[in-house]
Student: 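Let me begin by handing over the structure; questions about it come next.
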Amino acid sequence: MTVREKLLLMLEAQTNWSVNIIIRIFLYLAHTWNEYIETTSQNRYGSKKLSLPKPEFYVIYSGNRKSGPEWIRLSDEFFEGSSQYLDVNVKVLYGDGKDDIITQYVNFTKVYNEQVRLHGKTRNAVLETIRICKGKNVLKQYLLEREKEVIDIMMALFDQQKAVEQFGYEMKEEGRAEGHREGRAEGKLEGKKEAAINMKAEGMTESMIAKILDVGLNIVQEWLAGTVVAR
């Protein structure tokens, strides 16, 4: 979002720790700046210096990591501390306060994850999450005022995930057919399969791998089935 002269990017909330998010943030920024340049009708090829809003980068980490850095930096994680030409600094928020909104959000996600573990991705899991959080005064006022909206959104996310998986399956079948016809699609899938295995070794979740590689979750799970990941 643009706030005054600043472009604020609140990008991801993740339960699995991965410094690869720095790369994803960098790619998001490039995409967002490109859209901003086009929206404001600026000439990226002209001699006049472009006017760009200043970005800030945050990660809300809602996992169970006992300790973590306040900042993660591109130079430290990928270039052995060298920031001579490029660096990206990301502020990590852990929700370790008392009643602030981020802490409440992190607590909400933890209750939600536990209920999904118990009940699966069902309406009951959503209702139990809301009930428990109200009782613990976690986002209570928001949930009281917008309970139906929260339920609708969370159920829509469940349905969306199913739709994405189905779309991935259809794309998989189309890819196979095209591979038989042209001999190219299968090679592309093999490259993505190798990338998926490497990402899993880095600790990324299967759902995130599917999103990054733009394939169905069921495809990623098929690729990773039987794969032993070194720890």
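Quick note: residue numbers are just sequence positions, from 1.
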Student: Quick check: are there more than 12 heavy atoms from other residues, nucleotides or ligands sitting under 6.0 Å from CG of D99?
Tutor: no
Student: Please say which of V90, V92, I72 ends up in a side chain to side chain contact (heavy atoms under 4.5 Å, CB included) with I21.
Tutor: I72
Student: Determine the interplanar angle of the Y94 and W17 rings, folded into 0 to 90°, and report it as parallel if under 30°, tilted if 30 to 60°, perpendicular if over 60°.
Tutor: parallel
Student: Please report the interatomic distance CG(N107) to CD1(I102), rounded to the nearest 0.5 Å.
Tutor: 12.0 Å
Student: Are any side-chain N or O atoms of S75 and backbone N or O atoms of S83, one a donor and one an acceptor, separated by less than 3.5 Å?
Tutor: no
Student: Could you go through V215 and V220, starting from their C-alpha distance and side-chain angles, then the distance that decides it, and tell me whether this counts as side chain to side chain contact (heavy atoms under 4.5 Å, CB included)?
Tutor: CA-CA 7 Å; V215 297; V220 173; 3.6 Å; yes
Student: To the nearest 0.5 Å, how far apart are OH in Y142 and SG in C133?
Tutor: 13.0 Å
Student: One pair to check against side chain to side chain contact (heavy atoms under 4.5 Å, CB included): V88 and F57. What are the steps and the verdict?
Tutor: CA-CA 8 Å; V88 176; F57 307 112; 3.9 Å; yes
Student: So, for A125 and G120, which heavy atoms are closest and what is the spacing to 0.1 Å?
Tutor: CB-O, 3.3 Å
Student: What's the spacing between L27 CG and I22 CD1 if we round to 0.5 Å?
Tutor: 12.0 Å
Student: Looking only at heavy atoms, what is the nearest atom pair of V126 and M155, with distance?
Tutor: CG2-SD, 4.0 Å
Student: Please tell me if the side chains of F108 and L143 come closer than 4.5 Å, counting only heavy atoms from C-beta onward.
Tutor: yes
Student: Just wondering, do L29 and P55 contact through their side chains at under 4.5 Å, heavy atoms?
Tutor: yes
Student: Listed by chain and number, what are the side chain to side chain contact (heavy atoms under 4.5 Å, CB included) partners of L118, not counting sequence neighbours?
Tutor: E114, Q115
Student: Side chains of W223 and I197: closer than 4.5 Å at any heavy-atom pair?
Tutor: no
Student: For a 4.5 angstrom cut-off between non-hydrogen side-chain atoms, does P53 reach W33?
Tutor: yes
Student: Is any side-chain heavy atom of M154 closer than 4.5 Å to a side-chain heavy atom of Y112?
Tutor: yes
Student: Got a sec, which residues hit side chain to side chain contact (heavy atoms under 4.5 Å, CB included) with K140, two or more places apart in sequence or on another chain?
Tutor: N137, L144
Student: Hey, what do you get for CG (L86) to CZ (F26), rounding to the nearest 0.5 Å?
Tutor: 5.0 Å
Student: Do K110 and V106 touch side chain to side chain, with heavy atoms closer than 4.5 Å?
Tutor: yes
Student: Answer with yes or no whether the side chains of T40 and Q42 bring together a donor and an acceptor at under 3.5 Å.
Tutor: yes
Student: Please round to the nearest 0.5 Å and tell me the distance separating atom CD1 of I212 and atom CZ of R24.
Tutor: 4.5 Å
Student: Among residues at least two apart in sequence or on other chains, which ones pass side chain to side chain contact (heavy atoms under 4.5 Å, CB included) with E194?
Tutor: N198
Student: Would you call I60 and Y105 a side-chain contact if the rule is heavy atoms closer than 4.5 Å?
Tutor: yes
Student: Please assess I37 against L52 for the test side chain to side chain contact (heavy atoms under 4.5 Å, CB included), listing each intermediate value before the final yes or no.
Tutor: CA-CA 8 Å; I37 291 169; L52 297 172; 3.8 Å; yes
Student: Give a yes-or-no answer on whether the side chains of E38 and Y36 include a donor-acceptor pair shorter than 3.5 Å.
Tutor: no
Student: Are E147 and K134 side-chain neighbours, meaning at least one heavy-atom pair lies under 4.5 Å?
Tutor: yes
Student: What pairs of residues pass the salt bridge (charged side-chain N to carboxylate O under 4.0 Å, His left out) test when at least one of them lies in residues 70-87, not counting sequence neighbours?
Tutor: E70-K91
Student: Do side-chain atoms of N113 reach the backbone of T109 as a donor and acceptor pair under 3.5 angstrom?
Tutor: yes
Student: Is it the case that the side chain of S82 and the backbone of F79 share a donor-acceptor pair, with hydrogens and angles ignored and the cut-off at 3.5 Å?
Tutor: no
Student: Taking all atoms of both residues into account, what is the closest heavy-atom pair of E206 and L224, and its distance?
Tutor: CG-CD1, 3.8 Å
Student: Holding to side-chain hydrogen bond (donor to acceptor under 3.5 Å, both in side chains), I want the full list of residues that pass it with K49, two or more places apart in sequence or in another chain.
Tutor: none
Student: Please give the remaining members of the hydrophobic cluster of I132, linking ILVMFWY side chains under 4.5 Å, ordered by chain and number.
Tutor: V111
Student: Distance check, rounded to the nearest 0.5 Å: E128 atom CD versus R123 atom CZ?
Tutor: 12.5 Å
Student: Would I101 and L139 satisfy side chain to side chain contact (heavy atoms under 4.5 Å, CB included), going step by step from the backbone distance to the final call?
Tutor: CA-CA 8 Å; I101 191 67; L139 299 177; 3.5 Å; yes
